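Side chains included, hydrogens not; waters and symmetry mates left out as well; all remaining heavy atoms used. Residue indices begin at 1 and follow the sequence shown. Owing to the predicted nature of the structure, the values given are computational and were not obtained by experimental measurement.
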Amino acid sequence: QEEFYHRRLPPHAMRNISELRQDLVTGDWVVVATGRARRPNEFAKRQTPAGAQPKSGCPFETLLPTALLAYDRSGEGFRVTTKSRSHLRRDWRVQVVPNKYPAFGQGECAALRRSGRYTWQDGVGFHEVIITRDHSRTIADMPAADAAMVLRAYRERYLALKDERCVEYISIFHNHGREAGASISHPHSQLIAIPVIPPDVGRSL
């Protein structure tokens with residue numbers, strides 16, 4: 001079915017990071033982001049015990065060059081700049097970075113395309129990762145002040161993105177462990193800001 005679908009699409013349709021495709025039966029929008037198959041997966045081997053991934057080689061152990069926002073040990077938030085980076089490199093506790101393998105990115109928003117029965121649009125939006133410094137301590141195990149920093153990061157990025165032209169809905173989620181869909185064991189959350197409202201949310205509204 002996938003191969004058949006791609007034969008029917010014009011060449012420009014696959015140039016973007018992802019597509020939102022509308023289900024013919026339900027009308028639901030589904031994101032198709034083939035580039036995410038390239039992301040690292042520490043849980044790929046089922047024999048690897050959950051939680052056994054070492055700190056060495058973990059991509060979330062340092063302040064990343066792409067960090068947008070970070071909180072230091074005092075709880076103060078910083079827009080990461082050349083000036084603040086040296087301080088944060090030592091003292092960061094929470095950082096927010098663009099997802100290296102995003103499900104949503106640049107493109108033309110709200111431009112529906114059709115081919116026969118099929119309807120799709122570019123997967124336009126934002127996909128960010130909220131990372132805590134501790135390699136193994138989950139939100140449930142954090143001191144209240146550290147957990148509050150994570151929630152503040154959620155809120156700050158939500159407020160920063162909610163008025164973007166292509167954003168109609170923002171979802172913040174935290175996959176804990178292999179069975180929940182996490183690909184890296186280091187505790188982290190994700191934020192996606194997308195151009196459509198999920199059908200179940202729309203029905204509730």
key: Test: Glu76 and Arg152 ion pair at under 4.0 Å   = no

message = Can you confirm whether the side chains of Gln190 and Asn99 place a donor and an acceptor under 3.5 Å from each other?
response = yes

key: Pairs satisfying ring pair (Phe, Tyr, Trp, His ring centres under 6.0 Å), at least one member in residues 61-92, at least two apart   = Phe78-His87

query = Which class fits the ring pair His174 and His188: parallel under 30°, tilted 30 to 60°, perpendicular over 60°?
reply = tilted

request  = Dump the intermediate steps for salt bridge (Lys or Arg N to Asp or Glu O under 4.0 Å) on Glu168 and Lys162, then the final yes or no.
outcome  = CA-CA 8 Å; Glu168 293 292 332; Lys162 71 181 181 68; over 6 Å; no

task = Drop me the distance from Cys166's SG to Gln106's CD, to the nearest 0.5 angstrom.
result = 8.5 Å

message = Could you check whether any side-chain heavy atom of Ser115 comes within less than 4.5 Å of a side-chain heavy atom of Trp120, counting everything from C-beta outward?
response = yes

query = Less than 4.5 Å apart, any side-chain heavy atom of Val97 and any of Ile131?
reply = yes

query = Is it true that Val201 and Ile192 fall in one hydrophobic cluster, defined by side-chain heavy atoms closer than 4.5 Å?
reply = yes

ask   = Any side-chain heavy atom of Tyr154 sitting closer than 4.5 Å to one from Leu191?
value = no

Polar side-chain atom of Glu164 near backbone of Ile194 as donor-acceptor pair, under 3.5 Å = no

query = Is it true that a side-chain atom of Ser18 and a backbone atom of Ala103 form a donor plus acceptor pair closer than 3.5 Å?
reply = yes

ask   = Do side-chain atoms of Asp134 reach the backbone of Ser136 as a donor and acceptor pair under 3.5 angstrom?
value = yes

Cluster overlap Met149 with Tyr158, hydrophobic side-chain contacts below 4.5 Å = yes

key: Ion pair Glu108/Arg113, N-O distance below 4.0 Å   = yes

query = Atom OG1 of Thr62 and atom CZ of Arg133: how far apart are they, to the nearest 0.5 Å?
reply = 9.0 Å

ask   = Below 4.5 Å, heavy atoms only, C-beta onward: do Val124 and Phe104 meet side chain to side chain?
value = no

request  = Could you tell me whether the side chain of His135 and the main chain of Pro187 form a donor-acceptor pair under 3.5 Å?
outcome  = no

Residue pair Gly202 / Ile197: nearest heavy atoms and the distance that separates them = N-CG2, 3.8 Å

ask   = Who are the salt bridge (Lys or Arg N to Asp or Glu O under 4.0 Å) partners of Arg85, not counting sequence neighbours?
value = none

Rounded distance (nearest 0.5 Å) linking atom SG of Cys109 with atom CZ of Arg165 = 3.5 Å

key: Nearest-0.5 Å distance that lies between atom CG in Asp146 and atom CG in Leu151   = 11.0 Å

message = Using modelled atom types and a 3.5 Å cut-off, is there a donor and acceptor pairing between side-chain atoms of His127 and backbone atoms of Gly105?
response = no

request  = Evaluate the criterion side-chain contact (heavy atoms from CB on, under 4.5 Å) for residue pair Tyr118 and Leu24; output intermediate values, then yes/no.
outcome  = CA-CA 7 Å; Tyr118 299 105; Leu24 286 171; 4.1 Å; yes

inquiry  = Rounded to the nearest 0.5 Å, what separates atom OG in Ser189 from atom CD1 in Ile139?
reply    = 4.5 Å

ask   = Under the salt bridge (Lys or Arg N to Asp or Glu O under 4.0 Å) test, which residues partner Arg157, sequence neighbours left out?
value = Glu128

message = Can you list everything that forms a salt bridge (Lys or Arg N to Asp or Glu O under 4.0 Å) with Arg137? Sequence neighbours excluded, please.
response = none

note = Separation between CZ (Arg93) and CG (Leu63), nearest 0.5 Å, reads 11.5 Å

task = Could you tell me which non-hydrogen atom of Arg90 sits nearest to which non-hydrogen atom of Ser86, and how far apart they are?
result = NH1-O, 3.2 Å

request  = Please answer whether the main-chain N or O of Leu64 pairs with a side-chain N or O of Gln95 as donor and acceptor at a distance below 3.5 Å.
outcome  = yes

inquiry  = If hydrophobic clusters are built by linking Ile, Leu, Val, Met, Phe, Trp and Tyr wherever their side-chain heavy atoms come under 4.5 Å apart, do Ile172 and Val129 end up in the same one?
reply    = no

request  = Check step by step if side-chain contact (heavy atoms from CB on, under 4.5 Å) holds for Glu156 and Arg79.
outcome  = CA-CA 11 Å; Glu156 187 162 348; Arg79 301 289 181 184; 3.3 Å; yes

key: Test item: Leu68 and Val80 side chains (from C-beta on) under 4.5 Å apart, heavy atoms   = no

remark   = Sequence neighbours excluded, the answer for side-chain hydrogen bond (donor to acceptor under 3.5 Å, both in side chains) partners of Ser84 is Thr81

ask   = For Phe126, which residues count as a ring-ring contact (aromatic ring centres under 6.0 Å, His included) partner, sequence neighbours excluded?
value = none

ask   = Is any side-chain heavy atom of His186 closer than 4.5 Å to a side-chain heavy atom of Glu61?
value = yes

query = Hey, any chance Val25 and Leu112 share a hydrophobic cluster, counting ILVMFWY side chains that come within less than 4.5 Å of each other, even indirectly?
reply = no

Shared hydrophobic cluster, Val196 / Phe173 (ILVMFWY, side-chain heavy atoms < 4.5 Å) = yes

request  = Answer yes or no: is there a side-chain heavy-atom contact under 4.5 Å between Glu19 and Asp122?
outcome  = no

Side-chain donor-acceptor pair present, Asp72, Ser74, cut-off under 3.5 Å = yes

